Protein chains: 2
Amino acid sequence: MHVRQLAKMLGVSPDTVRYYTRIGLLEPQKSIENGYKFYSPNEQNRLRFILSARDLSFSVDDIKQIFHKADEGESPCPTVRRLIDNRLHETEQRFQDTLRLRARMHTAVENWGGKPDKKPSGNVICHLIDEFTKTPE
Amino acid sequence: MHVRQLAKMLGVSPDTVRYYTRIGLLEPQKSIENGYKFYSPNEQNRLRFILSARDLSFSVDDIKQIFHKADEGESPCPTVRRLIDNRLHETEQRFQDTLRLRARMHTAVENWGGKPDKKPSGNVICHLIDEFTKTPE
DNA sequence: GTAAACCTGTGAGTTAGACACAGGTCAATC
DNA sequence: GATTGACCTGTGTCTAACTCACAGGTTTAC
């Protein structure tokens, strides 16, 4: 199975598959006559796993670690449990940040609704942004 | 005012100031004897504006556009209103994505609590991840 | 045989900075 | 005046997770 076919089967772009291959997460065989890469059922399964892990926000480097454990025959589960703990904290942080940002943006847009456009003057570049910063509420 | 002093004054890292300078958002004068960059009060004001815009999720490229308008003497406000509309959509999207991700991760961790570690076998790399994907609820 | 459509791998570009590093500057000491 | 050490500078390179550009190989239709 070549790159485009595999990508289509699992619903990702060929470039994504090429990327995972480039960094060593996938190790397809190289056709001698073609130079084209050939993905075996085992590689297909690995890609499926990568996508599942990605959906839980595991990073590519995390997945490398998981594969490393598994390739040595050890259980990757402790690693997985440890890693998701970090990812969970990150996600929580990002969630809170995004929540605050969203509120700030909504306030700004609302705030700007009744204000006119103005030309820049002196040290005011855009009075919407400048004034909003000074009165965050 | 040199880079470190300016950075400290506005609470960012010198590298951040250098970055904005490198991409042309700031245009300090270059000392002839030193080669060191000198930031005038006007540049200080520009940096303050950049940070305000950044806090509303405007991208560096957005800010470039805003500066471009303002430098031509036109009102950047219409640009600002148009741009924040895009950023608001992005933020909303990111918020929803993060919300879903967070829920998925919580479900996974809960789910894994009662499950043992297992060694990889056949085409199962980590049963926690593999099985969770198959039963998302 | 040839033309067009399609596919490939590799190299480079993307964001918003962080980090490494060779060298310049300045005050304090000898 | 020379020298040490602390501090500062600009520039080049690196990051994550891909995406895009591109030169060239392959396959199919005529």
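Throughout, a chain's letter reflects where its sequence line sits, starting with A, and its residues are numbered from 1. Predicted model only: the values in this text are computed from it and were never measured.
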Rounded distance in Å - CD (B:Gln29) to C1' (D:dG10): 17 Å
Spacing of B:Leu25 atom CG and B:Glu43 atom CD [to the nearest 0.5 Å]: 10.0 Å
Whole Å only: how far is the CG atom of A:Asn86 from the C1' atom of D:dA16? 17 Å
Taking salt bridge (Lys or Arg N to Asp or Glu O under 4.0 Å) as the definition, give me every residue that meets it alongside A:Lys69, ordered by chain and number, with sequence neighbours left out. A:Glu74
Length of the CG-P vector between A:Leu26 and C:dG9, whole Å: 12 Å
Could you encode protein contacts along nucleotides 10-19 of chain C as a string, one character per nucleotide from 5' to 3', using B for base contact, S for sugar-phosphate-only contact and - for no contact, with a heavy-atom cut-off of under 4.0 Å? BBB---BBBB
CZ of B:Arg104 to OG1 of B:Thr133, rounded to nearest 0.5 Å, is 9.5 Å
Who pairs with B:Gln93 by side chain to side chain donor-acceptor pair (under 3.5 Å), at least two apart in sequence or on another chain? B:Asp97
Between B:Leu101 and A:Leu56, the two heavy atoms sitting closest are CD1-C, 4.1 Å
Interatomic distance, B:His2 NE2 vs C:dT25 C1' [rounded to whole Å]: 11 Å
Heavy atoms only: give me the nearest B:Pro120-B:Ile125 pair and the separation to one decimal. CB-O, 3.6 Å
Restricting to non-hydrogen atoms, name the atom on B:Leu88 and the atom on A:Val109 that form the minimum distance, rounded to 0.1 Å. CD2-CG2, 4.1 Å
Assess A:Arg46 against A:Phe67: is NZ or CZ under 6.0 Å from the centre of the six-membered ring, and within 45 degrees of the ring's axis? yes
Between P of D:dA16 and CG of A:Asp62, the distance in whole Å: 11 Å
About how many Å separate CG of A:Leu128 and CG of A:Asp117, when rounded to the nearest 0.5 Å? 7.0 Å
Please give, in whole Å, the distance from D:dG10 P to B:Glu27 CD? 15 Å
How bent is the helix from C:dG1-D:dC30 to C:dC30-D:dG1, measuring the angle between the end axes built from five pairs each, rounded to 10°? 40°
Can you give me the N/O atom pairs linking the protein to nucleotides 24-27 of chain D at distances under 3.5 Å, or say none if there are none?
| unit_1 | atom_1 | unit_2 | atom_2 | d |
| --- | --- | --- | --- | --- |
| D:dT26 | OP1 | A:Asn34 | OD1 | 3.4 |

Separation of A:Ile23 atom CD1 from D:dA16 atom P, in whole Å? 9 Å
For a quick test of reading the model, state the closest non-hydrogen atom pair linking A:Cys77 to B:His127 and the distance between them. SG-CD2, 3.7 Å
May I have all residue pairs that pass ring-ring contact (aromatic ring centres under 6.0 Å, His included) and include part of residues 17-46 of chain A, sequence neighbours excluded? A:His2-A:Tyr36
